[in-house]
Protein chains: 2
Amino acid sequence: MSESLMAPRRTGGRGSDIGRPRDPDMDQAILRATIALLSEVGYVRVTVAEVARRAGVSKPAIYRRWSQKSQLVVEAMVTQMLPGKDNDSGTAADDLVALTDHLIDVLTRTPLGRVLPGLVAEMAADPVLAASYRNLIIKPNLRHWRAAIARGIASGELSVDTDVDFVLNALVGPLYFSLLITGEPIAAGYARAGVNLVLAPYKTAPS
Amino acid sequence: MSESLMAPRRTGGRGSDIGRPRDPDMDQAILRATIALLSEVGYVRVTVAEVARRAGVSKPAIYRRWSQKSQLVVEAMVTQMLPGKDNDSGTAADDLVALTDHLIDVLTRTPLGRVLPGLVAEMAADPVLAASYRNLIIKPNLRHWRAAIARGIASGELSVDTDVDFVLNALVGPLYFSLLITGEPIAAGYARAGVNLVLAPYKTAPS
DNA sequence: CTGTTACGTCACTAACAATTACGTAATAGG
DNA sequence: CCTATTACGTAATTGTTAGTGACGTAACAG
């Protein structure tokens with residue numbers, strides 16, 4: 001994977017050592033203004049001019065750092081949103097319930113939920129952006145889910161035949177389907193019920 | 001639900017009976033041009049001006065029929081894409097496999113797959129459009145899934161406790177998740193494997 | 001015929017992303 | 001200190017596109 005897929009942010013001119021250095025405070029001000037605006041109006045209605053105004057910064061100053069609005073948004077999300085923690089509660093089932101509940105919370109009660117639809121559209125039109133988002137946000141988060149399932153297999157709680165991808169997708173997919181397509185609210189208790197059903201074929205007999 | 005949520009298309013002026021009637025051939029030409037353009041360039045890059053050019057029609061003629069580009073696209077998709085047929089193959093499991101395979105085909109090999117990301121963004125910003133798409137496309141299609149599961153319960157193939165929404169979401173959700181978020185290809189044999197696993201908790205003992 | 005609407009052409013507004021020119025300020029290295 | 005180099009703000013500009021509006025002409029209903 002080429003580095004450009006991971007580093008949408010523009011580097012300094014020819015060499016970043018010579019000339020006047022960029023003001024790091026501006027970076028933070030821009031990213032914070034981006035997140036704030038995102039959570040208020042959603043991706044589509046975020047304009048670079050408004051981000052600049054709120055950050056107390058000029059528009060060219062933003063374009064010096066990020067070549068596109070979409071890449072600014074991705075970096076803002078990466079730096080401002082903490083990945084789910086990898087709680088090890090003792091059983092894979094409980095870990096997955098916790099992860100599912102956390103994801104529901106993120107999708108329904110944080111800016112991400114409002115940002116995602118617009119971002120999905122941009123991703124489809126911009127492979128570089130898509131790679132950034134997937135590598136920096138999606139994959140790191142799914143890693144926790146895989147780890148929980150792996151621990152369950154190792155401890156004997158789950159069968160060694162457990163289809164990790166199936167379990168993961170069956171739990172996560174419906175949440176995105178609901179957010180992006182149907183608009184239906186997530187049923188209360190979805191996490192516990194879903195985990196029980198998805199793991200049912202893989203639960204080993206209690207020893 | 002108000003009728004306006006179902007009928008994005010503009011009616012004729014005050015009464016549709018007086019004055020020069022709209023040319024029905026133009027309707028078809030516009031819808032066909034929209035679908036063709038959609039499948040070539042995707043939602044974002046569809047411009048009303050280009051649709052008009054291809055349909056051999058003026059831009060105002062389009063806006064006389066649809067108030068927004070997004071509504072034109074929805075109607076184009078509704079009229080040009082056949083809903084999945086409701087095959088009754090004898091078992092709920094086989095029906096669900098067929099429906100799943102069909103949905104995979106639609107999402108990966110028809111214009112819908114290229115259109116959906118842009119449409120998701122529009123839906124998030126436009127409740128009327130969202131209602132149209134859900135009522136005209138999503139819900140009618142999911143009805144076939146529900147029917148198949150209901151038949152399985154009626155025949156005794158599935159437990160009466162079967163969680164219909166869970167089964168449906170666990171099969172459908174991952175497909176959209178893959179298309180819109182991860183970009184990962186659907187595993188070959190997903191339909192059969194997924195149905196087996198999702199139905200496992202509900203399969204009644206063979207009588 | 002008359003009223004009403006559709007149609008095309010053309011011009012137009014408004015919004016916004018993205019770029020550029022220019023003058024000024026800040027920094028590193030010599 | 002001096003020079004090259006880059007950052008910064010202001011401001012103007014380009015280009016694209018959605019969506020409107022005016023006008024003259026064509027087609028339909030009664």
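Lettering of chains follows the sequences in order, A, B, ..., and the numbering in each one begins at 1.
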Using whole Å, what does the distance between atom [atom2] of nucleotide [N] and atom [atom1] of [X] come to?
X: B:Gln71; N: D:dG19; atom1: CD; atom2: C1'; result: 13 Å
X: A:Asp27; N: D:dA7; atom1: CG; atom2: C1'; result: 12 Å
X: B:Tyr63; N: C:dT13; atom1: OH; atom2: P; result: 17 Å
X: B:Leu72; N: D:dT17; atom1: CG; atom2: C1'; result: 15 Å
X: A:Ile62; N: C:dA18; atom1: CD1; atom2: C1'; result: 12 Å
X: A:Glu122; N: C:dC16; atom1: CD; atom2: P; result: 15 Å
X: B:Ile30; N: C:dA6; atom1: CD1; atom2: P; result: 13 Å
X: B:Ile18; N: D:dG30; atom1: CD1; atom2: C1'; result: 11 Å

### Task
Record whether the side chain of B:Lys59 comes under 3.5 Å of the base of C:dG8 through a donor-acceptor pair of N or O atoms.
no
Would you say the side-chain atoms of [X] pair up with the backbone N or O of [Y], donor to acceptor, closer than 3.5 Å?
X: A:Tyr190; Y: B:Phe166; value: no
X: B:Ser178; Y: B:Glu184; value: yes
X: B:Asn135; Y: B:Ala131; value: yes
X: A:Glu122; Y: A:Ser70; value: no

### Message
Need the bend value for the helix from C:dC1-D:dG30 to C:dG30-D:dC1: angle between end axes, 5 pairs each end, nearest 10°.
### Response
20°
Distance from [X] atom [atom1] to [Y] atom [atom2], nearest 0.5 Å?
X: B:Thr108; Y: B:Leu179; atom1: OG1; atom2: CG; answer: 8.5 Å
X: B:Trp66; Y: B:Leu31; atom1: CH2; atom2: CG; answer: 4.5 Å
X: A:Leu96; Y: A:Leu103; atom1: CG; atom2: CG; answer: 12.0 Å
X: A:Arg143; Y: A:Asn141; atom1: CZ; atom2: CG; answer: 9.5 Å
X: A:Ile149; Y: A:Asp165; atom1: CD1; atom2: CG; answer: 8.5 Å

### Summary
Winner on side-chain proximity to B:Arg22, out of C:dT9, C:dT19, C:dA6, is C:dA6
#### Entry: Closest nucleotide among D:dA18, C:dT9, C:dA17 to the B:Lys69 side chain
D:dA18
### Task
Mind running a 4.0 Å heavy-atom check of residues 40-56 of chain A against DNA chain C and sending the residues that fall below it, in number order?
A:Val46, A:Thr47, A:Val48
### Query
Is it true that B:Arg22 and B:Asp27 have a side-chain N and a carboxylate O under 4.0 angstrom from each other?
no
Could I get a table of every N or O pair under 3.5 Å where one atom is in the protein and the other is in nucleotides 22-26 of chain C?
from, atom 1, to, atom 2, distance (Å)
C:dA25, N3, A:Arg20, NH1, 2.9

### Query
Between A:Arg134 and A:Met123, is a side-chain contact (heavy atoms from CB on, under 4.5 Å) present by the stated rule, with each step listed?
CA-CA 10 Å; A:Arg134 287 168 185 151; A:Met123 287 169 65; 3.7 Å; yes
### Message
On DNA chain C, does the nearest nucleotide to B:Pro60 precede the nearest nucleotide to A:Ser70 from the 5' side, or the other way round? Give the residue.
### Response
B:Pro60
### Message
Under the salt bridge (Lys or Arg N to Asp or Glu O under 4.0 Å) test against A:Glu40, which residue among A:Arg54, A:Arg45, A:Arg114 passes?
### Response
A:Arg54
